[in-house]
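One structure is given here, and the rest of the page talks about it.
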Amino acid sequence: MESIIDALVQLVSFTNIALLILSTALGIFIGAMPGLSVNMGLALLFPVTFKVGGLGGIIMLLGIYCGAIYGGSITAILLKTPGTPASAATTLDGYPMAITNGQPGRALSISTTASTFGGVFSTFCLICCAPLLAMVALQFSKPEYFALAIFGISMITSVSPGSIVKGIIGCIIGLWIATIGTDAMSGLDRFAFDSLYLKGGVSFMPILIGLFAITQVFINVEDNFGKKYEKKDFKIDNVLPSMADFSLTLPTLVRSSCIGTFIGCVPGTGGDISSWICYNQAKTWAKDKSQFGKGDPRGIAASESGNNSIVGGAFIPMLTLGIPGDGATAIILGALMVHGIQPGPMLFTNNAVDVYMIFIGMMLANIVMGAMGLSLIKLFTKVTNVPMVILLPIIVVMAMIGTYSYNNSVPDVFVMLGAGLIGYFMHKFDMGVPGVIIGIILGKLAEENFTGSLMMSDGSLSIFVTSPICFVFLLLALVSLLSPMYKPMLKSLFKS
Amino acid sequence: MANMRNCNLLVSVVTGIVGALIATTSYSYGIEVTMYGPGAGFWPFFLGLSLLIVAAVLLFDTIRNSGKYVLEPVVLSNPGNIAAYHMMALVCGYGVTMFVIGFYPSTFIFMFAAMYMLGLRNYKLMLAVVLLFLGFIFLVFTQLLNIFLPLPFFID
């Protein structure tokens, strides 16, 4: 209780609340712009949060994360173009309600209510479940942590878009990048080639910004080539939710939030998977299915509460085990580490105040997001009219500032540019980009625990199979990595 | 037009080479396991070896499903790609000039050139956007957050 009060005292200040409002608004803007992703927003603004420092910086990241996931629904409803992949399912009923039925305000109000409900619900689950899971995780030793890191990497690689084999290549490259620099155990310089910069290790920050921001700029240049700019005006009347809509959608909201929170807990899943599953479940459970696809409020509520509820769910393994659920949580995990917070079971005993600040910050971010959605929606629909031709150069400049200001390092800028160019071709060649970042972030954890395990066992690899928890995690990792081999066989078996 | 088979072959060859280089370099750091734990090269050697194996798997899969991958186009030379390549050159040029003529002049030139390259021809709007954005950077980043931005090479 004392920790909660301490957290509240530190959190509730004019600066922190102002930062939360500003970052949530920025997040909604990023999410609402088709072509800008949650990951890009987090990558671009991470250096700014670092400069803001400490708690304020972490609050900003939470605001951007929550706001960006919700923001994707605005263009999904008004333009039939989801701002983020997580809002793709929202277009099915959101667009018909807004345009065909002429009720854009109603569609946006249902989406805002559902997003806030999902976010708050999953944060409650996070507050209840995370300490329990952390208590279980306290029993883990080095082999279990190594197995957990491999399990997290394998799940993310096997579920992320693109070819799994090429995703694994990206992940191993990321794990290798994490080994560059002076080895903590032996003091030996690895892959440094007498370069002072490489001896200190390659920071994940320039690679992160390069792969998520600069690569996205090149992709947007290609996608928008030859497209004419069209300004869209929407007449939005009332955006306050009606009681009738709320009672109609309440069972869907509760069900979808539960599903979304659970899906968020599983590493490698994400808002897009969650929103589609929740939408299908809403349709299955509905007595009258005829309105789905024509502007049914339950369709919007299912998709939006489903994708926003993964936020709290994804934080459960991230905070308790140090395993990110997706690309966005991988960035937040890296950011927490830079801010001096090491996620893992010890976090709950060593930094209880920090944990509660994150919990309360996330709860506040969801509430601020809902309040802004209901009060400033007309403004947010206007910002979606900012043309790409203006936005893309601004993103490049922000990426440059972010990368350079992190360490005042010139090589960092060139690493970022290199990562951006390679990322574009990785995208072209169907290689998953998030795997590289997750590899870099989990690389140290995996190597330290691998080395530590071998020291515990006097060099015997059998330690990884004698511990039941470790064995199960490694087996699950193997099953998910080999899925491309047996999936077609299983499909044909079930068909026959 | 390129196809996924050729791209996969390229990726598997490059991965194989990188994997072999990592494994051989790691070997020189020591990969023996003693009672004090594995050598500094053990883990990266293992990663290099893994890369070699995955490269071989990709090569085998590409050859086995060659017909399928040939039909999968990879667009690398349409006008959209060319525009992206131009942007890459511009961004790299910006990255270099930033440390030569300083952040503010290079950003001014880059933003103007990028907007022009992306098809904007309204010079008044371009100037307004660039000046407003630079003003925002100066106020927020330089004044408020005290972020140091690169100066021209002749100013120490």
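Residue numbers start from 1 in every chain, and the chains themselves are labelled A, B, ... in the order their sequence lines are given, proteins ahead of strands.
Here A/Ile401 is the residue among A/Leu175, A/Ile173, A/Ile401 with the most heavy-atom pairs under 4.5 Å with chain B. Contact count versus chain B (heavy atoms, under 4.5 Å) is highest, among A/Ile214, A/Leu417, A/Asn408, A/Val397, for A/Val397. Chosen from B/Ser28, B/Gly41, B/Pro44, the residue pairing most often with chain A at heavy-atom distances under 4.5 Å is B/Pro44. In terms of heavy-atom pairs under 4.5 angstrom with chain A, the leader among B/Thr15, B/Leu47, B/Val18 is B/Leu47. Comparing A/Leu421, A/Thr403, A/Val410 by heavy-atom pairs within less than 4.5 Å of chain B, the highest count is held by A/Val410. Taking chain B as the reference chain and counting heavy-atom pairs below 4.5 Å, the highest number among A/Val48, A/Leu188, A/Asp458 is found for A/Leu188. Among the candidates B/Ile137, B/Val129, B/Leu90, B/Val91, the residue making the largest number of heavy-atom pairs closer than 4.5 Å to chain A is B/Val91. Your options are B/Ala55, B/Gly30, B/Gly80, and the one with the most heavy-atom pairs under 4.5 Å with chain A is B/Gly80. Top candidate by heavy-atom pairs under 4.5 Å with chain A, chosen from B/Phe46, B/Phe42, B/Tyr94, is B/Tyr94.
Interface remark: B/Met126 contributes no atoms to any contact with chain A (heavy atom separation under 4.5 Å). Residue A/Asp189 touches chain B through its backbone alone, counting heavy-atom pairs closer than 4.5 Å. Using a 4.5 Å cut-off between heavy atoms, B/Asn146 does not touch chain A at all. In this structure, the portion of B/Met4 lying under 4.5 Å from any heavy atom of chain A is its side chain and not its backbone. Contacts of A/Tyr404 with chain B are made by side-chain atoms alone, with heavy-atom separations under 4.5 Å and no backbone atom involved. Looking at B/Leu120, the atoms closer than 4.5 Å to chain A (heavy atoms on both sides) sit in the backbone and in the side chain alike. For A/Ile219, no part sits under 4.5 Å from any heavy atom of chain B, backbone or side chain. Interface remark: B/Phe99 contributes side-chain atoms only to the contact with chain A (heavy atom separation under 4.5 Å). Contacts of A/Val413 with chain B are made by side-chain atoms alone, with heavy-atom separations under 4.5 Å and no backbone atom involved. Contact of A/Thr179 with chain B is made through the side chain alone, with heavy-atom distances under 4.5 Å. Residue contact with chain A, scored on non-hydrogen atoms closer than 4.5 Å, involves the backbone and the side chain of B/Val54 alike.
Atom CD1 of residue A/Ile164 and atom CG of residue B/Leu58 lie 12.5 Å apart, to the nearest 0.5 angstrom. To the nearest 0.5 Å, the span separating CE on A/Met398 from CZ on B/Phe136 amounts to 6.0 Å. Put simply, CE on A/Met400 and CZ on B/Phe103 are 9.5 Å apart, with the number rounded to the nearest 0.5 Å. Annotation: the span from B/Leu51 atom CG to A/Ile172 atom CD1 amounts to 4.5 Å, rounded to 0.5 Å. Put simply, CD1 on B/Ile22 and CH2 on A/Trp176 are 5.0 Å apart, with the number rounded to the nearest 0.5 Å. The distance from atom OG of B/Ser50 to atom CD1 of A/Ile168, rounded to the nearest 0.5 Å, is 10.0 Å.
Using a 4.5 Å heavy-atom cutoff, the side chains of A/Val221 and B/His86 are not in contact. You'll find the side chain of B/Ser26 reaches within 4.5 Å of the side chain of A/Phe191, heavy atoms only. Between A/Asp430 and B/Cys7 there is no side-chain heavy-atom pair separated by less than 4.5 Å. A/Phe225 is not listed as a side-chain neighbour of B/Asn78, based on a closest heavy-atom distance of 4.5 Å or more. Between A/Ser405 and B/Phe148, the closest side-chain pair of non-hydrogen atoms is not below 4.5 Å. A heavy-atom distance below 4.5 Å is found between the side chains of A/Phe429 and B/Leu10.
Between B/Ala84 and A/Tyr424 the shortest heavy-atom distance is CB-OH, 3.8 Å. Pairing each heavy atom of A/Gly443 with each of B/Trp43, the nearest pair is O-NE1, 4.5 Å.
Considering only residues two or more places apart in sequence or on other chains, B/Pro105 meets the side-chain contact (heavy atoms from CB on, under 4.5 Å) condition with B/Ile101. Remark: A/Lys142 pairs with no residue by the salt bridge (Lys or Arg N to Asp or Glu O under 4.0 Å) rule, at least two apart or across chains.
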Inset, instruction - Under the side-chain contact (heavy atoms from CB on, under 4.5 Å) rule, what do A/Ile390 and B/Leu125 come out as? Steps first, then yes or no, please. - result: CA-CA 10 Å; A/Ile390 290 176; B/Leu125 176 69; 4.1 Å; yes
Legend entry - Derivation of the side-chain contact (heavy atoms from CB on, under 4.5 Å) call for B/Leu118 and A/Met388: CA-CA 9 Å; B/Leu118 292 169; A/Met388 277 287 162; over 6 Å; no
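With hydrogens and angles ignored, the 3.5 Å screen pairs a side-chain donor or acceptor of A/Arg190 with a backbone N or O of B/Ala40. Under a 3.5 Å cut-off, the side chain of A/Lys428 and the backbone N or O of B/Val75 do form a donor-acceptor pair.
Aromatic ring orientation, B/Tyr85 versus A/Phe425: parallel (interplanar angle below 30°, classes split at 30° and 60°).
Residue-environment remark: OH (B/Tyr123) exceeds the threshold of 12 foreign heavy atoms within 6.0 Å. Dense packing is recorded around CZ of B/Arg121, with more than 12 heavy atoms of other residues, nucleotides or ligands lying under 6.0 Å away.
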